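Since the structure comes first, as structure tokens, the remarks are kept for the end.
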Amino acid sequence: MLRARSLKRSPGRVGFVCVLAMLAAASCASAHPVPPFGHVGRWIVDAHGRVVVLHGFNVVAKSPPYYPRSFGFDDDDADFLHSQGFNTVRIGGTFEAVEPKPGQIDHQYLDRLAHDADLAARHGLYPLVDLHQDDWSERFSGEGFPPWATYTNGAPDKPDLGFAGNYTGNAALERAFDNFWANIAGPGGVTLQDRYAEAVAAVAERFRGLRGLLGYDLINEPWAGSEWPTCGQPEGCPVFEGTLLTSFYRRVIARLRQVDPKSLAWYEPNPLTNYGSQPHVGPVGDRRAGLSFHDYCLAGGGGGVGPPLPGSGTPCSVTEQAAFDHVVALAAANGGDALLNSEWGATDDLGILARVAAEEDRNLMSWQNWTYYNQLPGGAPDVPRDQGIIVDPRRPPTPDNVRRDKLAVLVRPYPTAVAGTPLSFAFDPGSRTFDFAYSASRPGGGRYVRAERTEVFVPQLQYPHGYRVHVAGARVVSPASSAFVELVRDHGAQTVTVRITPRSHGQTDVPGQAQTSSRTRGSGRSSPARSGNRR
């Protein structure tokens with residue numbers, strides 16, 4: 001305070017000290033990813049051109065009123081996820097909720113959904129906005145499409161075989177999809193896909209400009225309707241995906257771009273590609289497009305459609321890797337689209353989770369696990385479910401309300417921002433050794449305009465007593481106990497290698513710990529994620 005008072009008498013000294021303060025702030029600036037996000041080829045990149053790697057969860061409300069806060073997702077949940085090193089969520093809404101009547105957008109619903117996305121972003125969880133559907137709609141024990149867009153031509157809709165079963169055994173559901181892909185005229189003579197495109201445009205109108213937005217997942221798991229058997233083979237279904245589905249995406253993205261020309265637009269293949277069949281979605285004609293895919297194994301439970309079969313680990317690893325290989329090839333063939341595994345897991349089997357998490361690393365993938373909380377579709381009772389991390393989202397994420405066994409598998413070190421191109425990264429849970437290598441080459445060519453930092457998350461859960469960093473080709477510029485190792489590449493180094501190993505004495509900080517403690521000291525309140533109290 002004395003120094004501040006004396007400086008007021010000398011404007012020149014004030015300016016000099018301000019410059020020093022700005023330089024100091026720049027030197028201590030966070031190396032976290034910096035929005036807005038784009039892509040270079042398969043890589044998601046931040047505003048500085050660094051490759052961004054994402055780990056996070058689906059936060060999807062599959063029952064009315066179809067926004068995450070309705071089942072309990074709040075600040076304490078977002079703070080908890082951030083404290084474990086996660087940096088993304090897939091926020092799910094539905095076409096029905098956006099446009100409950102033809103031509104009538106529910107702006108109040110969009111405000112509620114945007115509130116949840118903004119809440120996540122404020123906690124460092126970059127949101128992907130997802131228009132979710134499963135089994136078409138509530139009529140078929142799912143969610144997604146409104147009744148006014150459901151044309152079944154009188155096809156029978158019994159028996160009700162529930163989630164996933166109705167896809168292959170309900171003629172009315174198949175006919176509803178057939179009519180949608182045929183783009184028939186609906187209410188007022190407006191085609192169904194044009195109505196859908198208007199709903200997407202309304203979402204973009206509300207969400208554009210949201211800091212940290214990862215873009216729009218245009219539709220979850222588009223089912224091929226009565227053509228689905230042609231997709232259920234290793235070669236996939238080039239006719240459906242290459243014509244009807246590709247045409248749909250081009251139509252929707254063209255309308256989206258009239259509202260939001262900058263945010264990433266993510267398209268998905270049909271859901272049978274989840275199990276390793278070949279995807280065939282064609283180029284969607286957009287330079288800011290990404291391929292959002294899912295990776296499951298039928299023998300491993302198929303994402304919750306059945307129990308894992310004994311001895312399925314080896315064959316599942318083959319089909320899971322096939323799914324990775326296929327999407328990498330498809331994204332490249334479509335002109336170099338971005339890649340994001342926006343759904344995987346959907347199980348409480350720790351072996352499956354550990355295997356696929358390692359496969360994600362091996363394939364250098366960003367991912368969003370299914371799920372933070374598994375709310376069942378179609379208005380099912382809101383009670384604790386399996387597949388999730390949180391047991392009951394209406395209660396705070398205290399240790400007794402969190403699946404700590406699953407958390408121990410999914411919380412792992414990873415590079416969050418890379419000033420270069422990732423070459424490999426892998427975590428050995430047994431020795432708790434993390435190895436990471438990256439090239440100095442900037443994706444797409446060119447040079448970084450300054451010595452950009454690379455950032456690696458180091459979880460307290462895996463390194464409770466601290467860690468050692470062994471690095472070649474760069475220097476560490478972060479504090480010894482930081483939750484994020486920050487690296488600046490040595491001049492002239494073409495490749496940087498990093499190894500992180502556990503220590504037996506020391507500590508590892510928790511992300512946001514210092515900020516949270518200072519904030520709560522000023523407010524007189526405890527952090528809800530730590531105190532167990534909701535606001």
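Please read these numbers as outputs of a predicted model, since none were measured by experiment. Computation of the quantities below employed the complete heavy-atom set of this structure, encompassing side-chain atoms and omitting hydrogens, waters and symmetry-equivalent molecules.
Distance alone, capped at 3.5 Å, is enough to place a donor-acceptor pair between the Thr421 side chain and the Ser441 backbone. Without hydrogens or angle criteria, Tyr463 side chain to Arg503 main chain gives no donor-acceptor distance under 3.5 Å. The backbone N or O of Gly142 lies less than 3.5 Å from no partner atom in the side chain of Asp135, so there is not a single donor-acceptor pair. Judged purely by atom type and a 3.5 angstrom limit, Trp344 has no side-chain atom pairing as donor or acceptor with the backbone of Val356. Formation of a donor-acceptor pair under 3.5 Å by the Thr454 side chain with backbone atoms of Ala419 is found in this model. In this structure, Asn363 contributes its side chain and Phe324 its backbone to no donor-acceptor pair below 3.5 Å. With Glu96 contributing its side chain and Gly144 its backbone, the two residues share no donor-acceptor pair below 3.5 Å. Judged by distance alone, the side chain of Lys406 and the main-chain N or O of Gly388 form a donor-acceptor pair under 3.5 Å. In this structure a side-chain-to-backbone donor-acceptor pair under 3.5 Å is missing from Gln368 to Phe57. Panel note: side chain Asp435, backbone Phe427; no donor-acceptor pair is recorded below 3.5 Å.
With ring centers used as reference points, Tyr414 lies under 6.0 Å from His55. Taking the six-membered ring where the residue is Trp, the centroids of Tyr373 and Phe73 are separated by 6.0 Å or more. The aromatic ring centroids of Phe484 and His32 lie less than 6.0 Å from each other. Ring centroids of Phe177 and Trp136 are separated by less than 6.0 Å, placing the two rings close together. Checked against the 6.0 Å centroid threshold, Phe145 and Phe180 count as a close aromatic pair. Two rings, from Phe248 and Trp181, have their centers less than 6.0 Å apart.
Side-chain contact between Leu173 and Trp223 is present, with at least one heavy-atom pair separated by less than 4.5 Å. Inter-residue side-chain proximity for His470 and Val498 is flagged as unmet; no heavy-atom pair is nearer than 4.5 Å. At least one side-chain heavy atom of Glu241 sits less than 4.5 Å from a side-chain heavy atom of Pro269. Looking only at side-chain heavy atoms (C-beta outward), Val60 and Thr371 stay at 4.5 Å or farther from each other. Counting heavy atoms from C-beta on, the side chains of Ile389 and Leu410 come closer than 4.5 Å. The closest side-chain heavy-atom distance from Phe425 to Pro413 is not below 4.5 Å. You'll find the side chain of Phe80 reaches within 4.5 Å of the side chain of Gln84, heavy atoms only. Taking 4.5 Å as the limit, every side-chain heavy atom of Tyr438 sits out of range of all side-chain heavy atoms of Pro415.
Side-chain N/O atoms of His132 and Asp130 include a donor and acceptor closer than 3.5 Å. Defined by atom type and a distance below 3.5 Å, a donor-acceptor pair is present between the side-chain atoms of Asp325 and Gln321. Side-chain polar atoms of Thr433 and Asp428 form no donor-acceptor pair below 3.5 angstrom. Asp349 and Thr347 are not linked by any side-chain donor-acceptor pair at a separation below 3.5 angstrom, with hydrogens and angles left out of the test. In summary, the side chains of Ser342 and His294 do present a donor paired with an acceptor at a separation below 3.5 Å, with no hydrogens or angles considered. Judged purely by distance below 3.5 Å, without hydrogens or angles, the side chains of Tyr372 and Asn58 never pair a donor atom with an acceptor atom. For the residue pair Glu343/Asn341, the side-chain donor-acceptor check at 3.5 Å is not satisfied. For the residue pair Arg175/Asn170, the side-chain donor-acceptor check at 3.5 Å is not satisfied. Side-chain atoms of Ser482 and Asp509 include no donor-acceptor pair closer than 3.5 Å. Judged purely by distance below 3.5 Å, without hydrogens or angles, the side chains of Asp46 and Tyr126 never pair a donor atom with an acceptor atom.
The minimum heavy-atom distance linking Cys231 with Asn270 is given by the pair CB-OD1, 3.6 Å. A pairwise comparison of heavy atoms in Thr508 and Ala483 identifies CG2-CA, 4.4 Å as the closest pair. Pairing each heavy atom of Val328 with each of Met365, the nearest pair is CG2-CE, 3.8 Å. The nearest pair of heavy atoms linking Arg412 to Ala357 is NH1-CB, 3.6 Å. Between Ile91 and Ala117, the closest heavy-atom pair is CG1-CA, 4.3 Å. Of all heavy-atom pairs spanning Gln462 and Val411, the tightest one is NE2-O, 2.8 Å.
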Checking side chain to side chain donor-acceptor pair (under 3.5 Å) for the pair Asn166/Arg139: CA distance, chi angles, key distance, verdict? CA-CA 10 Å; Asn166 279 334; Arg139 174 175 171 178; over 6 Å; no
Would Thr416 and Val53 satisfy side chain to side chain contact (heavy atoms under 4.5 Å, CB included), going step by step from the backbone distance to the final call? CA-CA 5 Å; Thr416 56; Val53 180; 5.9 Å; no
Given the rule in the side chain to side chain contact (heavy atoms under 4.5 Å, CB included) test, do Thr168 and Trp228 qualify, once you have shown the distances and angles that lead to the verdict? CA-CA 8 Å; Thr168 59; Trp228 73 264; 3.6 Å; yes
Check the pair Asp160 / Phe140 against side chain to side chain contact (heavy atoms under 4.5 Å, CB included), numbers first and verdict last. CA-CA 7 Å; Asp160 183 356; Phe140 305 107; 5.8 Å; no
Step-by-step salt bridge (Lys or Arg N to Asp or Glu O under 4.0 Å) determination, Arg489 to Glu452: CA-CA 8 Å; Arg489 182 174 59 87; Glu452 295 288 356; over 6 Å; no
Do Asp348 and Gln387 pass the side chain to side chain donor-acceptor pair (under 3.5 Å) test, and can you show the C-alpha distance, the side-chain angles, and the key distance before you say yes or no? CA-CA 5 Å; Asp348 291 328; Gln387 301 183 7; over 6 Å; no
Run Leu291 and Tyr267 through side chain to side chain contact (heavy atoms under 4.5 Å, CB included) and show every step you take. CA-CA 5 Å; Leu291 172 54; Tyr267 61 91; 3.6 Å; yes
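Note that CD of Glu360 is 9.0 Å distant from CG of Asn369, once rounded to the nearest 0.5 Å. In this structure, CZ in Arg288 is found 11.0 Å from CH2 in Trp266, a value given to the nearest 0.5 Å. Taken from SG in Cys237 to NE2 in His280, the straight-line distance is 7.0 Å, to the nearest 0.5 Å. We find the CD1-NE2 distance between Ile44 and His39 to be 9.5 Å, quoted to the nearest 0.5 Å. Residue Asp76 holds its CG atom at 8.5 Å from NE2 of His123, rounded to the nearest 0.5 Å.
With salt bridges taken as basic N to acidic carboxylate O contacts below 4.0 Å, none links Arg250 and Asp286. A salt bridge does not link Arg50 to Glu455: none of the charged nitrogens lies less than 4.0 Å from a carboxylate oxygen. Between Arg42 and Asp337 there is no salt bridge, since no side-chain nitrogen of the basic residue lies less than 4.0 Å from a carboxylate oxygen of the acidic one.
Each of Leu213, Ile219, Leu214 was compared with Tyr216 under the side-chain contact (heavy atoms from CB on, under 4.5 Å) criterion, and only Leu213 meets it.
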